[in-house]
Amino acid sequence: MRFNKRTDHVQNTIVKDLRALGIQVIITNMGNDYPDLMCGYKGVWTLLEIKNPLVTNVSKGTLTRGQMQFIVDARGPIGVATNLDEAQDIVKWEGGITEKQKENIIAWLIRNPDQQSLSVSKFREVVDA
């Protein structure tokens, strides 16, 4: 049985604002750890995973192990955003996750085989290590 994918509450606002900036946005809703959005800008398609923002230094959004593995396996621009500024930076300025950051994610996945999710704040610590 397949269930509809849950949408983080900031996604609708980010989609509307990205479109207002001239970025083509396709909401994927594919589930199975596929990112939430495909964003086209100046001939480049970028995948975006949208997560709820940090609230008083406590993350409301989490990335699953599968989402982190998808990010590692991605062969093109991909990023995680919690607000419009982050999403715009990733899409317009190719500020997605770098190969070095993917190596950091791989190392975390190997060191933590039983952990199934990671808060956005902890995920950022991992990629920026």
Side-chain angles (χ1 to χ4, degrees):
M1 179 180 284
R2 185 169 183 210
F3 296 95
N4 286 339
K5 185 173 176 271
R6 186 178 59 81
T7 301
D8 288 293
H9 77 275
V10 297
Q11 181 176 310
N12 291 337
T13 302
I14 291 173
V15 167
K16 178 181 66 93
D17 292 344
L18 286 173
R19 287 177 174 160
L21 293 170
I23 296 168
Q24 184 178 6
V25 179
I26 298 171
I27 301 169
T28 61
N29 289 332
M30 290 184 189
N32 296 328
D33 303 317
Y34 195 87
D36 300 310
L37 308 176
M38 290 178 21
C39 300
Y41 184 74
K42 293 190 176 183
V44 176
W45 285 95
T46 301
L47 296 173
L48 274 183
E49 180 63 37
I50 304 298
K51 292 295 176 189
N52 287 328
L54 301 175
V55 179
T56 61
N57 294 328
V58 176
S59 176
K60 292 293 185 184
T62 60
L63 285 105
T64 67
R65 188 173 192 83
Q67 288 171 323
M68 289 184 278
Q69 187 63 55
F70 191 100
I71 289 168
V72 167
D73 293 340
R75 297 293 180 254
I78 189 167
V80 177
T82 61
N83 60 50
L84 175 63
D85 289 339
E86 291 173 355
Q88 181 179 351
D89 285 348
I90 292 165
V91 174
K92 282 189 164 185
W93 318 120
E94 299 181 27
I97 295 173
T98 67
E99 291 303 314
K100 170 65 175 130
Q101 290 172 321
K102 287 182 180 185
E103 291 173 10
N104 293 345
I105 297 167
I106 292 168
W108 184 89
L109 290 168
I110 291 168
R111 283 192 314 268
N112 300 280
D114 296 328
Q115 192 165 344
Q116 296 302 306
S117 64
L118 193 61
S119 70
V120 172
S121 57
K122 292 292 183 185
F123 174 78
R124 288 183 173 158
E125 288 176 19
V126 167
V127 298
D128 292 333

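These numbers come from the heavy atoms of this one structure, side chains and all, not from hydrogens, waters or symmetry mates. Throughout, numbering of the chain's residues begins at 1 and tracks the sequence.
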Pair T82, R124 - check side-chain contact (heavy atoms from CB on, under 4.5 Å), show working. CA-CA 12 Å; T82 61; R124 288 183 173 158; 3.5 Å; yes

Shortest non-hydrogen separation from A81 to A87 and the atoms involved: CB-N, 3.6 Å

For P35, is there any backbone N or O sitting under 3.5 Å from a side-chain donor or acceptor partner on T28? yes

Would you sort out whether Y41 and L18 count as a side-chain contact (heavy atoms from CB on, under 4.5 Å), showing the intermediate values? CA-CA 10 Å; Y41 184 74; L18 286 173; over 6 Å; no

Do V44 and V80 sit in one hydrophobic cluster, given that two such residues count as connected whenever their side-chain heavy atoms are within less than 4.5 Å of each other, even indirectly? no

Can you give me the closest heavy-atom contact between K102 and I71, atom names plus distance? CE-O, 3.2 Å

Pairwise distance OG1(T62) to CD(Q67) - rounded to 0.5 angstrom: 7.0 Å

F70 vs I78, test: side-chain contact (heavy atoms from CB on, under 4.5 Å). Steps then yes/no. CA-CA 10 Å; F70 191 100; I78 189 167; 3.9 Å; yes

How many angstroms lie between SG in C39 and CD in Q88, if you round to the nearest 0.5 Å? 11.0 Å

Would a distance-only check, ignoring hydrogens and angles, find a side-chain to backbone donor-acceptor pair under 3.5 Å from N83 to D85? yes

Atom pair OG1 (T98) and CG (D128), whose distance is rounded to the nearest 0.5 Å: 8.5 Å

Say you draw a straight line from CG of D36 to CD of Q11; how long is it, rounded to the nearest 0.5 Å? 4.5 Å

Intermediate values then yes/no, side-chain contact (heavy atoms from CB on, under 4.5 Å), T64 and Q116: CA-CA 6 Å; T64 67; Q116 296 302 306; over 6 Å; no

Donor-acceptor contact present, side-chain K92 to main-chain I23, <3.5 Å: no

Listed by chain and number, what are the side chain to side chain contact (heavy atoms under 4.5 Å, CB included) partners of Q115, not counting sequence neighbours? W108, N112, L118

Partners meeting side chain to side chain donor-acceptor pair (under 3.5 Å) with Q69 (sequence neighbours left out): D73

Kindly compute the distance separating CG (L37) from CG (L48), expressed to the nearest 0.5 Å. 5.5 Å

Side chains of L47 and M38, heavy atoms from C-beta outward: is any pair under 4.5 Å? yes

Side chains of N104 and K100: donor-acceptor distance under 3.5 Å anywhere? yes

In a check of side chain to side chain contact (heavy atoms under 4.5 Å, CB included) between I105 and each of L63, V127, I110, which one passes? V127

By side chain to side chain donor-acceptor pair (under 3.5 Å), which residues pair with K42, not counting sequence neighbours? none

Once you round to the nearest 0.5 Å, how far does NZ of K16 lie from CG of L84? 9.5 Å

